[in-house]
Amino acid sequence: MGVSIFYTIVGAVIGGFITFYFTRKKFEKEIKENPPINEKMIRAMFLQMGRKPSEAQIRQIMKSVNANRK
């Protein structure tokens with residue numbers, strides 16, 4: 001009886017680590033392929049609002065986004 005509980009707990013722990021590892025790898029791959037926001041997206045948003053953004057505005061927004069991400 002005690003041995004089967006032990007094997008169940010060990011199996012659950014090993015399964016948890018394997019799931020965590022593969023989920024983390026998948027998440028990192030998705031972030032690399034589809035970054036959350038970039039300068040081209042910011043320019044497109046400004047143009048949709050009918051404004052021509054300056055480079056200073058774009059850099060300021062990117063700096064703000066990166067600061068909030070950390």
Side-chain angles (χ1 to χ4, degrees):
M1 173 99 177
V3 174
S4 64
I5 293 173
F6 174 73
Y7 285 140
T8 303
I9 292 172
V10 169
V13 169
I14 291 171
F17 281 123
I18 290 171
T19 303
F20 173 76
Y21 175 77
F22 284 111
T23 303
R24 189 171 132 231
K25 287 292 182 187
K26 176 75 173 169
F27 182 73
E28 288 173 352
K29 180 183 172 210
E30 287 293 322
I31 290 294
K32 187 181 241 185
E33 290 176 357
N34 304 311
I37 192 165
N38 59 23
E39 291 180 8
K40 287 175 71 174
M41 291 178 183
I42 293 171
R43 281 190 184 91
M45 285 189 286
F46 267 87
L47 291 174
Q48 286 176 349
M49 291 187 295
R51 295 181 56 196
K52 176 80 171 129
S54 68
E55 284 299 314
Q57 288 174 324
I58 293 173
R59 276 189 254 117
Q60 180 184 13
I61 293 171
M62 283 301 295
K63 189 176 183 183
S64 170
V65 167
N66 289 335
N68 287 332
R69 195 180 312 165
K70 292 180 182 176

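Values in this document were obtained by computation on a predicted structure and should not be read as measured data.
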Quiz item: How many angstroms lie between CG in L47 and CE in M49, if you round to the nearest 0.5 Å?
Solution: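 Going from CG on L47 over to CE on M49, the span is 9.0 Å.
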Practice problem: Working to the nearest 0.5 Å, report the span between NZ of K63 and CG of N68. | Solution: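 Answer for the NZ-CG pair, K63 versus N68, is 12.5 Å.
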Quiz item: Pick from I37, I42, N66: which one makes a side-chain contact (heavy atoms from CB on, under 4.5 Å) with I61?
Solution: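 Testing each of I37, I42, N66 against I61, the sole residue satisfying side-chain contact (heavy atoms from CB on, under 4.5 Å) is I42.
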Practice problem: Begin from the C-alpha positions of K25 and K29 and carry the test side-chain contact (heavy atoms from CB on, under 4.5 Å) through to its verdict. | Solution: CA-CA 6 Å; K25 287 292 182 187; K29 180 183 172 210; over 6 Å; no
Practice problem: Would you please name every residue forming a salt bridge (Lys or Arg N to Asp or Glu O under 4.0 Å) with K52, sequence neighbours left out? | Solution: none
Quiz prompt | Nearest atoms (heavy-atom pairs only) where T19 meets T23 | solution =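 Looking at all heavy atoms of both residues, the shortest contact is O-OG1, 2.7 Å.
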Quiz item: Can you name the closest pair of heavy atoms from M41 and P36 and give their distance?
Solution: SD-O, 3.9 Å
Practice problem: Before accepting this row, confirm whether a basic side-chain N of the pair K32/E28 lies closer than 4.0 Å to the acidic partner's carboxylate O. | Solution: no
Quiz item: Listed by chain and number, what are the side chain to side chain contact (heavy atoms under 4.5 Å, CB included) partners of R59, not counting sequence neighbours?
Solution: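 Partners of R59 by the side chain to side chain contact (heavy atoms under 4.5 Å, CB included) criterion, ordered by chain and then number, come out as E55.
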Exercise. Check side chain to side chain contact (heavy atoms under 4.5 Å, CB included) between I14 and all other residues, then give those that pass, not counting sequence neighbours.
Key: V10, I18
Quiz item: Side chains of K26 and E30: does their closest heavy-atom pair fall under 4.5 Å?
Solution: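 Contact flag for K26/E30 side chains = yes.
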Quiz item: Are more than 12 heavy atoms from other residues, nucleotides or ligands located less than 6.0 Å from atom CD of Q57?
Solution: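 Buried by this count: over 12 neighbours within 6.0 Å.
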